[in-house]
Amino acid sequence: MLHLLDHQAVDDRGLFIADTFGPTFQGEGPSLGRQALFIRLSHCNLSCGQGPGARWACDTAYTWDFKMHDPQDPKIRRRVLLDDLMAWVKAHTVRLVVITGGEPLLQRLGLERLVAMLHAEGYEIEIETNGTLIPSEDLVATVTAFNVSPKLVAAGGREIQRVVPAALAAFASSGKARFTFVVSELAEFKEIADLPERFAMDEIWVMPEGTSADMVRQGMRTIAEEALACGWNLSPRLHVELWEDKRGR
Ligand code: SF4
């Protein structure tokens, strides 16, 4: 998949994107319920749901699974100039911009430039990342927050790809990271519990896996007591409760 990130993609004039959408609500984590604009970038360096032992599937596989989704189709992947993304953002009154994926840090140069442009205009910027790539100093300086979501065994695939110690330590020391874990069963709390001390993670959020409102609500009830006992924060997934797995909400 990475070969598709050709020289045009890694300059700083544009980004490969799957979607721009909003205003909508930030559906999870510390900014839950706030109005936000979303820019969803293409490409990912993981393939959750496809490795041995996977117990859930990536709900945005169209951003990276180009065996199943045609990357030449502009509804799947298109290159957009940063000036055009800024014009789209500025056409709205919302001041929070969430850059998600896929894995946004794969398109490092364009991402850094876009975040610098947004920062210069006074926007709040959250980047949602799987925490496997080290953020640059420039990115740390200009972003408002990283929502870092390390992938657990249930995502499938090899640990060496899912958990990159240098990257997790860099996010933790940035002072701007909130670590968010999507939990599919209570047994995963043990797996999460090793990480905060190992990487000096401060702020931990857990949220239930699920693609329907019923699954999310039931998951919240299942994990609430254990989250309290661990001293972690609990988040619903508001976008799933409102719109289930509809793309672009
Ligand atoms: S890291 Fe996120 S976008 Fe990438 S495959 Fe996993 S769930 Fe999907």
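Atoms within a ligand are numbered from 1 in the order they appear, just like the ligands themselves. Just so we're clear, the structure is a prediction, and the values are computed from it rather than from any experiment.
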Is it true that the side chains of D65 and Q50 contain a donor and an acceptor less than 3.5 Å apart? yes
Centroid separation W232 to F189 less than 6.0 Å: yes
Kindly check if the number of other-residue, nucleotide or ligand heavy atoms within 6.0 Å of CD (E185) is above 12? yes
Which of the protein's N, O or S atoms come within less than 2.8 Å of atom 6 (Fe) of ligand 1, not counting waters? C48 SG
Mark up the atoms of ligand 1 that fall under 4.0 Å of a heavy atom belonging to W64, in ascending order. 5 (S), 8 (Fe)
Students often mix this up, so state it plainly: with edges at 30° and 60°, are the rings of H43 and F66 parallel, tilted or perpendicular? perpendicular
Cluster membership besides V153, Ile/Leu/Val/Met/Phe/Trp/Tyr side chains within less than 4.5 angstrom, sorted by chain and number, is none
Considering only non-hydrogen protein atoms, determine which one is nearest to atom 3 (S) of ligand 1 and report residue, atom name and distance to 0.1 Å. G102 N, 3.5 Å
At a 4.0 Å threshold, what atoms of ligand 1 neighbour a non-hydrogen atom of T60? 3 (S)
Do the ring planes of W243 and F25 sit parallel (below 30°), tilted (30 to 60°) or perpendicular (above 60°)? parallel
For E103 and N130, which heavy atoms make the closest approach, and how far apart are they? OE1-N, 2.7 Å
